[in-house]
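Okay, structure first, notes after.
Only heavy atoms go into these numbers, but all of them, side chains included; no hydrogens, no water, no symmetry mates.
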Amino acid sequence: NRLPSGEFSQFCAGTLLSDRLVVTAAHCNTSARHYVIVGRKTINGDGGTEVKVDSVWRHVDFKKRAPYDADIAVLVLAQAIDFDALPARAIPVVTRNLSARDDVRVMGWGAKVHGGGGSEQLQFVDLDMMNDTACADGYSDTRLPVTDNMMCASRENKDACQGDSGGGAYYIESGIEETVYLAGIVSYGIGCSDQKYHGVYTRAYNFRDWLSGVSRALANMGGGVNEI
């Protein structure tokens with residue numbers, strides 16, 4: 001949100017899919033009155049740019065099976081991001097389902113401890129993918145079931161936290177050059193770094209076709225959006 005002072009108040013995060021599209025969590029309730037900050041590590045620092053959100057496409061199945069099921073939305077930016085002028089790039093969706101053998105990197109401006117305020121500086125944490133059954137068992141005493149559209153990640157004393165919602169969990173594939181993929185979207189949890197209630201993420205792999213369909217529909221509508 002842009003404050004009367006002209007500064008920004010951060011409440012969620014997202015990942016660039018292209019120069020006009022950002023993927024985030026549906027529960028962030030982003031609207032056309034919001035802005036996306038791109039290419040900046042400090043919220044109100046120098047560099048980067050602020051781009052207004054033009055429209056929002058939320059998944060039609062959000063909340064149908066469970067409170068956070070299909071927790072995914074696409075933001076259409078009012079203008080294209082110039083990747084040649086900014087330290088930013090589009091991130092492709094992961095090409096396989098990750099397992100408990102993998103790890104991910106989560107980034108955001110959220111709180112560092114449960115109940116704390118947001119971070120002015122961009123933070124990151126490396127987490128281990130969790131066994132789906134073990135994660136679901138942890139939430140079995142709650143009204144927050146873990147569905148097959150979700151994945152869990154955790155590491156002792158490390159987690160995403162309030163304010164990180166919508167941000168990416170990135171799988172980094174090693175090779176001659178590292179390749180970064182979007183594996184998950186920060187969705188929900190209970191507390192932060194709770195070893196019973198692991199952080200839950202929207203499983204991006206399950207929504208590859210939906211994301212492609214949204215970009216295709218927008219491209220067919222004109223307005224300068226390219227198909228991903």
Side-chain angles (χ1 to χ4, degrees), residues 10-18 21-31 34 36-38 53 56-77 88-99 102-111 118 122-130 132 135 139 144-154 158-172 180-190 192 197-215 228:
Q10 180 270 340
F11 70 97
C12 267
T15 299
L16 284 164
L17 295 175
S18 72
L21 303 180
V22 175
V23 62
T24 187
H27 81 261
C28 285
N29 288 323
T30 311
S31 71
H34 293 124
V36 171
I37 296 176
V38 180
V53 174
V56 181
W57 290 50
R58 292 183 184 83
H59 200 286
V60 294
D61 290 335
F62 177 49
K63 290 186 175 181
K64 281 191 176 178
R65 290 198 301 158
Y68 288 91
D69 194 49
D71 188 12
I72 186 170
V74 171
L75 312 181
V76 183
L77 302 181
R89 57 175 165 161
I91 303 294
V93 176
V94 71
T95 56
R96 67 175 178 86
N97 248 328
L98 300 189
S99 69
D102 298 307
D103 54 29
V104 292
R105 174 165 293 179
V106 178
M107 306 177 73
W109 285 270
L122 181 64
Q123 307 291 312
F124 76 89
V125 64
D126 293 323
L127 303 174
D128 303 308
M129 291 287 295
M130 304 298 299
D132 292 341
C135 183
Y139 284 90
L144 297 170
V146 177
T147 74
D148 56 359
N149 284 325
M150 304 171 186
M151 65 183 209
C152 301
S154 179
K158 294 183 178 181
D159 196 3
C161 207
Q162 291 84 27
D164 289 323
S165 288
Y170 304 105
Y171 174 66
I172 302 173
V180 180
Y181 295 95
L182 176 67
I185 299 165
V186 180
S187 184
Y188 73 91
I190 296 178
C192 303
Y197 303 114
H198 303 294
V200 184
Y201 301 76
T202 301
R203 190 181 289 273
Y205 180 83
N206 287 15
F207 295 94
R208 299 179 331 282
D209 291 344
W210 180 77
L211 291 169
S212 295
V214 169
S215 72
I228 60 173

Return the [atom1] to [atom2] distance between [X] and [Y], rounded to the nearest 0.5 Å.
| X | Y | atom1 | atom2 | result |
| --- | --- | --- | --- | --- |
| Y201 | Y188 | OH | OH | 12.0 Å |
| W210 | H59 | CH2 | NE2 | 6.0 Å |
| T147 | R203 | OG1 | CZ | 9.0 Å |
| S18 | I91 | OG | CD1 | 12.0 Å |
| S212 | L17 | OG | CG | 9.0 Å |

Please find the pair of heavy atoms, one from [X] and one from [Y], that lie closest to each other, and give the distance.
| X | Y | result |
| --- | --- | --- |
| A26 | A70 | CB-O, 4.5 Å |
| V94 | A183 | CG1-CA, 4.0 Å |
| A111 | D164 | O-OD2, 4.5 Å |
| S31 | V56 | CA-CG2, 4.0 Å |

Self-check item: Over-ring placement of R208 relative to Y205, 6.0 Å and 45° cut-offs
Solution: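 The answer is yes, since R208 meets both limits relative to Y205.
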Quiz item: Can R96 be said to sit on top of Y181's aromatic six-ring, NZ or CZ under 6.0 Å from centre and within 45° of the ring axis?
Solution: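 Checked: cation-pi criterion not met.
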Exercise. Without swapping roles, check the side chain of D102 against the backbone of M129 for a donor-acceptor pair under 3.5 Å.
Key: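 Checked: no pair found.
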Exercise. Go through the steps to decide whether M150 and D132 satisfy the test side-chain contact (heavy atoms from CB on, under 4.5 Å), and finish with yes or no.
Key: CA-CA 9 Å; M150 304 171 186; D132 292 341; over 6 Å; no
Mind checking what makes side chain to side chain donor-acceptor pair (under 3.5 Å) contact with [X], not counting sequence neighbours?
| X | value |
| --- | --- |
| N149 | D69, N206 |
| H27 | D71, S165 |
| R89 | none |
| D148 | R65 |

Applying side-chain contact (heavy atoms from CB on, under 4.5 Å), can you list everything that pairs with [X], at least two apart in sequence or on another chain?
| X | value |
| --- | --- |
| M107 | R105, L122, F124, Y170 |
| K63 | none |
| P67 | L144, P145 |
| A13 | none |

Quiz item: Mind checking whether D159 and V125 have side chains closer than 4.5 Å, heavy atoms only?
Solution: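 Sidechains of V125 and D159: no contact.
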Quiz prompt | Side chain proximity check, V200 to Y68, heavy atoms < 4.5 angstrom | solution =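 A side-chain contact under 4.5 Å is absent here.
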Quiz item: Between I72 and I185, is a side-chain contact (heavy atoms from CB on, under 4.5 Å) present by the stated rule, with each step listed?
Solution: CA-CA 8 Å; I72 186 170; I185 299 165; 3.8 Å; yes
Quiz prompt | For Y197, ring-ring contact (aromatic ring centres under 6.0 Å, His included) partners two or more places apart | solution =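 Scan of Y197 (ring-ring contact (aromatic ring centres under 6.0 Å, His included), adjacent residues dropped) gives Y139.
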Quiz item: Step by step, would you call V22 with V53 a side-chain contact (heavy atoms from CB on, under 4.5 Å)?
Solution: CA-CA 9 Å; V22 175; V53 174; over 6 Å; no
Self-check item: Derivation of the side-chain contact (heavy atoms from CB on, under 4.5 Å) call for L21 and L77
Solution: CA-CA 6 Å; L21 303 180; L77 302 181; over 6 Å; no
Quiz item: Residues two or more places apart in sequence or in another chain: which of them pass salt bridge (Lys or Arg N to Asp or Glu O under 4.0 Å) with D61?
Solution: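 Partners of D61 by the salt bridge (Lys or Arg N to Asp or Glu O under 4.0 Å) criterion, ordered by chain and then number, come out as K64.
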